[in-house]
Amino acid sequence: MMKSRIHIIFQSLLLCLFISCNTVVKQQDQSYVNLNGTILQTDSLLLGHKVVAIVDNHLVVPTWKNDFLYDIYQINGDSLLLKNRIIPRGQGPDALTSSQESFEMSSGRLVIYDCNIGKGFQIDASTVDNLLASNHWKSLKDFNNKTYISQMVYETDSTLLTTFMQAGIESFLGRLNFNTGEYTVLYGLWPDDAYEGSSFVKQTVYANGTLLKCPDRNLYLLSSAVGQYAEIFSIEHDSIVPRVMLYGQHPRYQMSEDGWNVRNARDNMRGLDISVTSDFIYVMLDKGTIEEYVKNMDRMNSYNYTGEVFVYGWDGTLKNQLKLDHDILTLFVDKDNRFLYGKTLDDETGEEYMVRFKLPDTLTEH
């Protein structure tokens with residue numbers, strides 16, 4: 001089965017140095033927390049647009065460099081020092097051609113995988129020494145041999161919850177047992193988005209979004225890559241149980257001429273960036289539509305960096321809104337809800353920088 005995946009390579013980020021602090025102000029009967037960010041100076045050029053894990057005061061950052069897929073930066077005060085690199089880019093036994101990842105904060109487990117070739121690694125990232133010990137990584141091989149798996153998160157010690165694509169099934173969520181290789185389809189979440197065509201096309205829309213798990217509870221979050229749809233669900237007796245619709249603007253799309261791929265409506269919003277901890281869900285709405293993005297692709301700010309983050313509890317209640325003094329592209333929050341990290345852009349040079357925001361000690365209820 002032929003599958004097309006379009007990867008847009010981002011250029012990125014930033015400006016000025018500030019000391020981190022926060023204040024609460026009122027605007028139109030809404031509580032906002034204003035956060036001033038600190039630019040983390042680096043000893044090498046950052047060539048990635050997101051943080052995917054924090055391990056022993058080290059940031060794991062995907063890179064666009066040619067020879068390795070991830071850079072490991074040590075946080076040293078207000079600086080980032082490039083310490084190591086992992087996962088060679090290529091065809092070797094410890095290499096991948098491209099990668100996605102899922103990090104479980106509570107245990108420090110990290111899965112890095114290439115969904116196009118069905119190969120990946122299970123990594124004990126509880127310490128940076130373990131993260132770098134590739135000879136101790138466990139292989140996750142041939143997981144796309146029957147069903148095309150896209151996103152995955154740990155469910156138990158032996159299973160991964162995944163999104164998938166397989167024609168003729170009204171589901172895109174399933175369970176992979178990585179000890180036996182068995183794959184089980186889970187039913188119960190099939191968004192009512194008014195699309196009535198091929199199930200494979202609908203699977204493609206939602207399977208290629210974002211799948212996240214609450215680190216210490218039976219709660220998961222699914223969001224679509226376009227539109228502004230996000231839903232919290234749990235797994236009960238091998239069925240998906242929807243819990244809270246966090247955002248309800250489903251993507252609009254149709255089948256392309258080949259009968260397999262998706263044609264997104266150009267007035268779709270450009271999705272959500274989300275980071276989760278045991279306590280909170282942090283959501284950043286991408287600005288603008290697909291059409292606006294395409295029109296402005298030759299401009300540095302075409303990626304619509306944003307400076308507003310919505311903070312929710314896992315029950316779906318809005319806890320707070322954060323106003324950032326530096327617009328960022330993606331976000332990552334550490335497990336203790338102490339710091340929010342993002343990439344920001346220097347409008348004059350086009351260089352990207354990591355910016356760190358100190359979160360308030362207590363995120364008050366909205």
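Small disclaimer: the values here were computed from a predicted structure and weren't measured.
Interatomic distance, S126 OG to L131 CG, rounded to the nearest 0.5 Å: 9.5 Å. Rounding to the nearest 0.5 angstrom, the gap separating the OG1 atom in T38 from the CZ atom in R356 is 6.0 Å. Within the model, atoms CZ of F200 and CE of M255 stand 10.5 Å from one another, a figure rounded to the nearest 0.5 Å. With rounding to the nearest 0.5 Å, the separation of CG in L59 from CG in L40 is 7.5 Å.
Judged as a salt bridge (Lys or Arg N to Asp or Glu O under 4.0 Å), the pairs with a partner in residues 32-61 (not counting sequence neighbours) are, in order, K50-E101. Applying the side chain to side chain donor-acceptor pair (under 3.5 Å) rule to pairs touching residues 237-248 yields R175-D238, S234-R243, E236-R243, Y247-Y312, sequence neighbours excluded.
Contact between F164 and A207 at its shortest, heavy atoms only, is O-CB, 3.7 Å. For the residue pair V205 and P251, the shortest heavy atom distance occurs at CG1-CG, 3.5 Å. Pairing each heavy atom of P88 with each of D94, the nearest pair is CD-O, 3.2 Å. For N116 against S98, the heavy-atom pair with the smallest separation is ND2-OG, 3.8 Å. The two residues D325 and G37 make their nearest non-hydrogen contact at OD1-N, 2.9 Å. Of all heavy-atom pairs spanning L80 and Y73, the tightest one is CB-CD2, 4.0 Å.
For the pair K83 and D71, the salt-bridge criterion is not met [side-chain N within less than 4.0 Å of a carboxylate O]. Under a 4.0 Å N-O distance rule, the pair K319/D279 does not qualify as a salt bridge. Remark: D361 does not engage R338 in a salt bridge, criterion side-chain N to carboxylate O under 4.0 Å. Classification of K213 and D216 as a salt-bridged pair fails, no side-chain N sitting under 4.0 Å from a carboxylate O.
Judged purely by atom type and a 3.5 angstrom limit, T210 has no side-chain atom pairing as donor or acceptor with the backbone of S223. Judged purely by atom type and a 3.5 angstrom limit, N320 has no side-chain atom pairing as donor or acceptor with the backbone of V311. Here the side chain of Y187 pairs no donor or acceptor atom with the backbone of L173 at under 3.5 angstrom. Remark: the backbone N or O of G120 is not paired with any side-chain donor or acceptor of W137 at under 3.5 angstrom. Between the side chain of Q203 and the backbone N or O of S171, at least one donor-acceptor pair lies under 3.5 Å. Side chain of T127 to main chain of N130: a donor-acceptor pair is present (N/O by atom type, distance under 3.5 Å, no hydrogens or angles). Remark: the backbone N or O of M152 is paired with a side-chain donor or acceptor of Y113 at under 3.5 angstrom. N76 places no side-chain N or O within donor-acceptor distance of the main-chain N or O of S79, the cut-off being under 3.5 Å.
Not counting sequence neighbours, the partners of D193 by the salt bridge (charged side-chain N to carboxylate O under 4.0 Å, His left out) test are K202. For Y229, the ring pair (Phe, Tyr, Trp, His ring centres under 6.0 Å) partners are Y206, H250, not counting sequence neighbours. Scored by the salt bridge (charged side-chain N to carboxylate O under 4.0 Å, His left out) test, D315 finds no partners at all (sequence neighbours excluded). Taking W314 as the reference, nothing meets the ring pair (Phe, Tyr, Trp, His ring centres under 6.0 Å) condition, with sequence neighbours excluded. Not counting sequence neighbours, K119 has no partner by the salt bridge (charged side-chain N to carboxylate O under 4.0 Å, His left out) test. With sequence neighbours left out, the side-chain contact (heavy atoms from CB on, under 4.5 Å) criterion links N144 to C115, Y148, I149. The side-chain contact (heavy atoms from CB on, under 4.5 Å) search around E170 returns W190, not counting sequence neighbours. For Y195, the ring pair (Phe, Tyr, Trp, His ring centres under 6.0 Å) partners are Y253, not counting sequence neighbours. Here D192 pairs with nothing under the salt bridge (charged side-chain N to carboxylate O under 4.0 Å, His left out) rule; sequence neighbours left out.
Between Y341 and F339, the two ring planes are tilted [angle within 30° to 60°].
Side-chain contacts under 4.5 Å among hydrophobic residues (ILVMFWY), followed directly or transitively, place V241 with no other residue at all.
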